[in-house]
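Down below is the structure, laid out as structure tokens.
Predicted model only: the values in this text are computed from it and were never measured.
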Amino acid sequence: MVGSVGNGLVDLAVNGVGGKGAHPEAAAGAFAMEVETAAEGVGNGEGSPTRREIVLGRNVHTASFAVKEPDADDEETGEREATMASVLAIYRRSLVERTKHHLGYPYNLDFDYGALGQLQHFSINNLGDPFIESNYGVHSRQFEVGVLDWFARLWELEKNEYWGYITNCGTEGNLHGILVGREVFPDGILYASRESHYSVFKAARMYRMECVKVDTLISGEIDCADFQRKLLLNRDKPAIINVNIGTTVKGAVDDLDLVIKTLEEGGFKDRFYIHCDGALFGLMIPFVKKAPQVTFKKPIGSVSVSGHKFVGCPMPCGVQITRLEHINCLSSNVEYLASRDATIMGSRNGHAPIFLWYTLNRKGYRGFQKEVQKCLRNAHYLKDRLREAGIGAMLNELSSTVVFERPKDEEFVRRWQLACEGNIAHVVVMPSVNIDKLDYFLNDLKEKRATWYQDGTCQPPCIAGDVGQENCLCSLHKK
């Protein structure tokens with residue numbers, strides 16, 4: 001039966017855990033759909049639309065765990081508890097296995113929050129404004145505000161000048177930052193580079209904002225020449241800009257200072273709002289020597305980061321910081337809570353602030369600086385080893401995201417959980433990724449690649465249009 005416990009266990013077996021004999025539906029693998037995209041082969045976003053196939057994952061309905069009503073004698077026999085314990089044990093083994101082969105997504109899996117297990121029995125909810133206590137007493141606002149103060153200091157904004165909250169994810173931070181910009185400038189136009197995270201364009205749809213996509217350089221950062229051209233087409237309307245502190249695919253950092261200069265020279269002084277999407281690199285950049293700084297001493301409106309990425313956390317979460325002067329247009333009194341609320345979600349996970357507070361206290365600025373240096377060093381190691389093996393690869397200057405040719409086999413992609421786009425894939429080198437893991441991946445890739453292209457009937461893809469000719473090692477560009 002679709003959705004039975006048995007099918008779920010079989011799906012875990014497909015990944016090498018829990019036995020043999022995969023259900024044919026569960027093992028069917030990925031399927032594909034076509035989408036229309038801009039012709040971005042040369043990195044400038046120009047040209048007529050092209051069709052590209054996107055490979056989607058398996059349908060989880062073929063592998064879900066059913067919820068069944070207990071039998072009348074379950075309490076006496078204990079069979080129900082034994083069955084659930086078995087399912088959870090097998091699932092845990094699958095998580096251990098999948099963690100060993102996790103490289104494509106920016107999550108730090110190296111954390112230990114065992115000391116916080118004593119709090120799991122409490123329903124901790126920080127509903128409403130973090131700075132105004134509500135009538136619901138089981139909250140963690142004291143931890144949340146401590147974390148927010150830490151980030152406000154990091155981005156150089158005084159306690160009495162900022163407002164923020166701990167979000168449920170990086171996307172919520174973008175939704176909130178762009179919403180604040182829209183409330184400050186109701187008739188503003190949203191500008192974002194084509195390589196911005198999809199949540200930025202989701203925000204534009206949700207808020208019914210006019211959105212202008214700006215072309216990018218080959219590195220993935222915003223092309224300020226194109227930004228200037230498109231700004232000048234809308235001189236009469238304020239500008240709301242999403243600035244990427246690390247793009248999703250290439251890890252490119254937009255030039256914040258050049259964006260500000262472009263706005264001011266274009267006649268938009270005091271008529272713009274900048275939201276900085278720093279999901280991953282927003283917490284790494286402050287610890288990179290000579291890197292351009294993200295700071296509220298510059299005319300930015302908000303910054304958001306993810307808490308479960310570089311910091312590492314067992315549940316998705318994030319931090320959103322904005323200027324206090326902007327928040328009144330969103331905030332409203334809620335009698336039911338005896339508080340105010342300017343958040344998006346209302347009820348918020350009260351455990352997340354405690355996890356973040358715990359790690360910030362354990363590591364501090366110095367601990368994060370060491371981890372950033374380790375990530376950048378290991379990213380350079382991976383890029384160099386790929387190129388030595390004849391595999392085209394690119395690494396942006398301020399990034400730990402290594403971009404390389406997309407593996408030919410989708411099973412290999414799923415095994416290593418690689419994020420792919422067109423002809424390229426990437427590995428995000430996080431604190432939990434060490435040299436041994438990178439060597440394991442490199443050896444596996446080289447071994448598989450030798451079989452994919454051994455008969456010469458097909459060649460590795462050309463990625464010059466994605467990463468530049470100097471980073472491509474296809475037969476045409478290999479020197």
Measure the CZ-OG1 distance between Arg194 and Thr216 for me, rounded to the nearest 0.5 Å. 8.0 Å

Sidechain-backbone polar pair: His308 side chain, Cys317 backbone, donor-acceptor under 3.5 Å: yes

Could you tell me the separation between the CZ atom of Phe310 and the CZ atom of Phe281, rounded to the nearest 0.5 Å? 10.0 Å

Does Phe111 reach the side chain of Val311, with side-chain heavy atoms less than 4.5 Å apart? no

Exactly one of Asn361, Ile166, Thr359 should register a side chain to side chain contact (heavy atoms under 4.5 Å, CB included) with Val147. Which one does? Ile166

Does a side-chain heavy-atom distance below 4.5 Å link Asp466 with Val403? no

State, to 0.1 Å, how close His197 and Thr171 come at their nearest heavy-atom pair, and which atoms those are. CE1-OG1, 3.7 Å

Lys/Arg N to Asp/Glu carboxylate O, Arg348 vs Glu144, below 4.0 Å: yes

Ignoring hydrogens and angles, tell me if any N or O in the side chain of Asp439 forms a donor-acceptor pair with the backbone of Phe441 under 3.5 Å. no

Short N-O contact, Arg449 and Glu405, less than 4.0 angstrom: yes

Check the angle between the aromatic planes of Trp150 and Tyr365 and answer parallel, tilted or perpendicular using the 30° and 60° thresholds. parallel

Does Asp409 reach the main-chain N or O of Glu411 with its side chain, forming a donor-acceptor pair under 3.5 Å? yes

Heavy-atom side-chain proximity of Val303 to Val294 below 4.5 angstrom: yes

Using the side chain to side chain contact (heavy atoms under 4.5 Å, CB included) rule, take Val428 and Leu103 through it: C-alpha gap first, then chi angles, then the decisive distance, then the call. CA-CA 6 Å; Val428 186; Leu103 282 180; over 6 Å; no

Quick one: does Gln320's side chain have a donor or acceptor within less than 3.5 Å of a partner on Gly318's backbone? no

Between Cys375 and Met284, is there a side-chain heavy-atom distance shorter than 4.5 Å? yes

Would you say the side chains of Asn244 and Ser193 form a donor-acceptor pair under 3.5 Å? yes

Is a side-chain donor or acceptor of Asn396 paired with a backbone partner of Ser399 at a separation under 3.5 angstrom? no

Would you please test Leu179 and Leu175 for side chain to side chain contact (heavy atoms under 4.5 Å, CB included) and show each step? CA-CA 6 Å; Leu179 178 60; Leu175 292 177; over 6 Å; no

Can you check side chain to side chain contact (heavy atoms under 4.5 Å, CB included) on Asp110 and Val433, steps first, answer last? CA-CA 9 Å; Asp110 184 17; Val433 177; over 6 Å; no

Kindly confirm or rule out a cation-pi arrangement of Arg205 over Phe201, judged by NZ or CZ under 6.0 Å from the six-membered ring centre and within 45° of its axis? no

Give a yes or no on whether the ring-centroid distance for His351 and Phe122 is below 6.0 angstrom. no

Minimal non-hydrogen separation, Glu470 against Arg387, with atom names: O-NH2, 3.3 Å

Test salt bridge (charged side-chain N to carboxylate O under 4.0 Å, His left out) applied to Lys363 - qualifying residues, sequence neighbours left out: Glu371

Classify the ring geometry of His102 against Tyr107: parallel below 30°, tilted from 30° to 60°, perpendicular beyond 60°. parallel

Run the ring-centre check on Phe404 versus His426 and record whether the distance is less than 6.0 Å. no

Could you give the distance from CG (Leu418) to CD (Glu410), rounded to the nearest 0.5 Å? 9.5 Å

Do Arg415 and Asp444 meet the salt-bridge criterion of a basic N to acidic O distance under 4.0 Å? yes

Would you call Phe368 and Leu360 a side-chain contact if the rule is heavy atoms closer than 4.5 Å? yes

Hey, could you give me the CG/CG distance between Leu157 and Leu148, rounded to the nearest 0.5 Å? 11.5 Å

Which heavy atom of Ile178 sits nearest a heavy atom of Val200, and at what distance? CD1-CG1, 3.9 Å

Could you walk me through whether Asp255 and Ile222 pass the side chain to side chain contact (heavy atoms under 4.5 Å, CB included) test, one step at a time? CA-CA 8 Å; Asp255 189 332; Ile222 192 169; 5.9 Å; no

For Arg362, I'd like to know if atom CZ has over 12 heavy atoms of other residues, nucleotides or ligands within 6.0 Å. no

How about Glu172 and Thr167: does a side-chain donor come under 3.5 Å of a side-chain acceptor? no

Take atom NZ in Lys448; do more than 12 heavy atoms of anything else shown fall under 6.0 Å from it? yes

Please check if atom CD in Gln142 has more than 12 non-hydrogen atoms from other residues, nucleotides or ligands closer than 6.0 Å. yes

Is the backbone N or O of Ile218 less than 3.5 Å from a side-chain atom of Lys250, with the two atoms forming a donor-acceptor pair by type? yes

Side chain to side chain, Tyr381 and Leu438, heavy atoms closer than 4.5 Å: yes

To the nearest 0.5 Å, what is the distance between NE2 on His139 and CG on Asn125? 10.5 Å

If you define the side chain from C-beta out and look only at heavy atoms, does anything of Ile124 sit under 4.5 Å from Ile354? yes

Would you confirm whether Asp215, through its side chain, and Asp223, through its main-chain N or O, come within 3.5 Å as a donor-acceptor pair? no

So, for Pro130 and Val145, which heavy atoms are closest and what is the spacing to 0.1 Å? O-CG2, 3.6 Å

Just checking His101 against Tyr440, ring centres under 6.0 Å apart? yes

With distance as the sole test, does Ser400 use its side chain to make a donor-acceptor pair with the main-chain N or O of Ala379 at under 3.5 Å? no

When rounded to the nearest 0.5 Å, the distance separating CZ of Arg377 from CD of Gln373 is 7.0 Å

If we ignore hydrogens and angles and just use 3.5 Å, is the side chain of Gln118 paired with the main-chain N or O of Ala115 as donor and acceptor? yes

Any sub-3.5 Å donor-acceptor pair from Thr83's side-chain atoms to Glu79's backbone N or O? yes

Classify the side-chain pair Ser140/Asn126 by whether it contains a donor and acceptor separated by less than 3.5 Å. yes

If I compare all heavy atoms of Asn423 with all of Cys462, which pair ends up nearest, and what's the gap? ND2-O, 3.7 Å

Can you check whether Ile241 reaches His275 side chain to side chain, under 4.5 Å on heavy atoms? no

Correct closest heavy-atom pair for Cys458 and Lys408 would be SG-CE, 3.4 Å

Does either side chain, that of Ser199 or that of Asn174, offer a donor lying less than 3.5 Å from an acceptor on the other one? yes

